Amino acid sequence: CCDDGLFALGANRCGQLGLGDKHDRESPQEVIEFHDQQVTAIATGYNFSMVICEGALYSFGAAALCGHAGKTDCLVPAKVQFFE
């Protein structure tokens with residue numbers, strides 16, 4: 001199917017699939033932010049996901065677990081600024 005990019009499915013209560021909403025997915029959906037990108041590592045937890053892509057760390061899901069200053073859940077991948 002694909003050599004590059006990232007696909008997600010499953011529970012999505014806090015946006016941890018990175019698809020822009022909080023709807024669960026029963027089949028794989030492409031995470032558009034990583035289309036044709038070289039993803040090198042993925043880590044997931046109950047309500048969050050982290051991805052290393054092109055040398056940068058991205059996170060999405062529950063606000064308290066993503067490393068961003070905001071208090072709302074991160075529904076799409078965002079760079080973790082601490083590592084820049």
Side-chain angles (χ1 to χ4, degrees):
C1 164
C2 311
D3 291 330
D4 295 321
L6 180 69
F7 290 77
L9 72 147
N12 196 28
R13 189 175 83 172
C14 296
Q16 64 266 34
L17 297 181
L19 299 171
D21 58 45
K22 294 183 178 183
H23 302 293
D24 296 346
R25 299 302 199 288
E26 293 183 11
S27 60
Q29 303 288 306
E30 184 176 18
V31 181
I32 299 301
E33 286 76 10
F34 299 116
H35 179 76
D36 286 337
Q37 301 289 319
Q38 188 69 41
V39 173
T40 54
I42 302 168
T44 61
Y46 184 69
N47 288 328
F48 72 97
S49 300
M50 295 194 170
V51 172
I52 296 177
C53 179
E54 310 275 328
L57 176 64
Y58 294 83
S59 65
F60 37 104
L65 303 172
C66 286
H68 304 292
K71 295 183 185 225
T72 59
D73 294 341
C74 189
L75 305 181
V76 296
K79 273 189 185 178
V80 178
Q81 301 298 319
F82 179 82
F83 294 105
E84 289 192 341

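Treat the numbers as computed from the prediction; the structure is a model and nothing was measured. In this chain, residues are counted from 1 in sequence order.
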*Asks:* Could you tell me whether the side chain of Pro77 reaches within less than 4.5 Å of the side chain of Val31, counting heavy atoms only?
*Replies:*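 A side-chain contact under 4.5 Å exists here.
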*Asks:* Under 3.5 Å, side chain of Ser49 to main-chain N/O of Gln16, donor-acceptor pair present?
*Replies:*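 Yes; judged by distance alone, with no hydrogens or angles, the pair exists.
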*Asks:* Does one hydrophobic cluster hold both Leu19 and Phe60, with members joined at side-chain heavy-atom distances below 4.5 Å?
*Replies:*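 Leu19 and Phe60: one cluster.
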*Asks:* Between Asn12 and Leu17, which heavy-atom pair has the shortest distance, and what is it?
*Replies:*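 Nearest heavy atoms, Asn12 then Leu17: OD1-N, 2.9 Å.
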*Asks:* Which residue pairs pass the salt bridge (Lys or Arg N to Asp or Glu O under 4.0 Å) test when at least one of the two sits in residues 24-53, sequence neighbours left out?
*Replies:*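 Qualifying pairs, neighbours excluded: Asp21-Arg25.
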*Asks:* Looking at residues at least two apart in the chain, or sitting in another chain, which of them share a ring-ring contact (aromatic ring centres under 6.0 Å, His included) with Phe34?
*Replies:*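 Counting only residues at least two positions away or on another chain, Phe34 forms a ring-ring contact (aromatic ring centres under 6.0 Å, His included) with Tyr58.
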*Asks:* Do Val39 and Val76 belong to the same hydrophobic cluster, where Ile, Leu, Val, Met, Phe, Trp and Tyr are linked whenever their side-chain heavy atoms lie under 4.5 Å apart, directly or via other members?
*Replies:*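 No, it is not one cluster - the side chains of Val39 and Val76 are not joined through contacts under 4.5 Å.
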*Asks:* Do Val80 and Ile52 belong together in a cluster built from hydrophobic side chains that touch within less than 4.5 Å?
*Replies:*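 Yes, because Val80 and Ile52 connect within a single hydrophobic cluster, where side-chain heavy atoms sit under 4.5 Å apart.
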*Asks:* With side chain to side chain contact (heavy atoms under 4.5 Å, CB included) as the criterion, how do Leu9 and Gln29 come out once you've worked through the C-alpha distance, each side chain's angles and the decisive distance to 0.1 Å?
*Replies:* CA-CA 6 Å; Leu9 72 147; Gln29 303 288 306; over 6 Å; no
*Asks:* Quick one: which residue pairs count as a salt bridge (Lys or Arg N to Asp or Glu O under 4.0 Å) with a foot in residues 49-75, not counting sequence neighbours?
*Replies:*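 Every pair satisfying salt bridge (Lys or Arg N to Asp or Glu O under 4.0 Å) with a residue in residues 49-75: Lys22-Asp73.
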*Asks:* Within a strict 4.5 Å, meaning less than it, do heavy atoms of the Asn47 and Arg13 side chains meet?
*Replies:*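 A side-chain contact under 4.5 Å exists here.
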*Asks:* Tell me, do Leu6 and Ile42 make a side-chain contact under 4.5 Å, heavy atoms counted?
*Replies:*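 When only atoms from C-beta onward are counted, Ile42 and Leu6 do touch, with a gap below 4.5 Å.
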*Asks:* So, for Ala62 and Cys14, which heavy atoms are closest and what is the spacing to 0.1 Å?
*Replies:*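 That would be N-CB, 3.7 Å.
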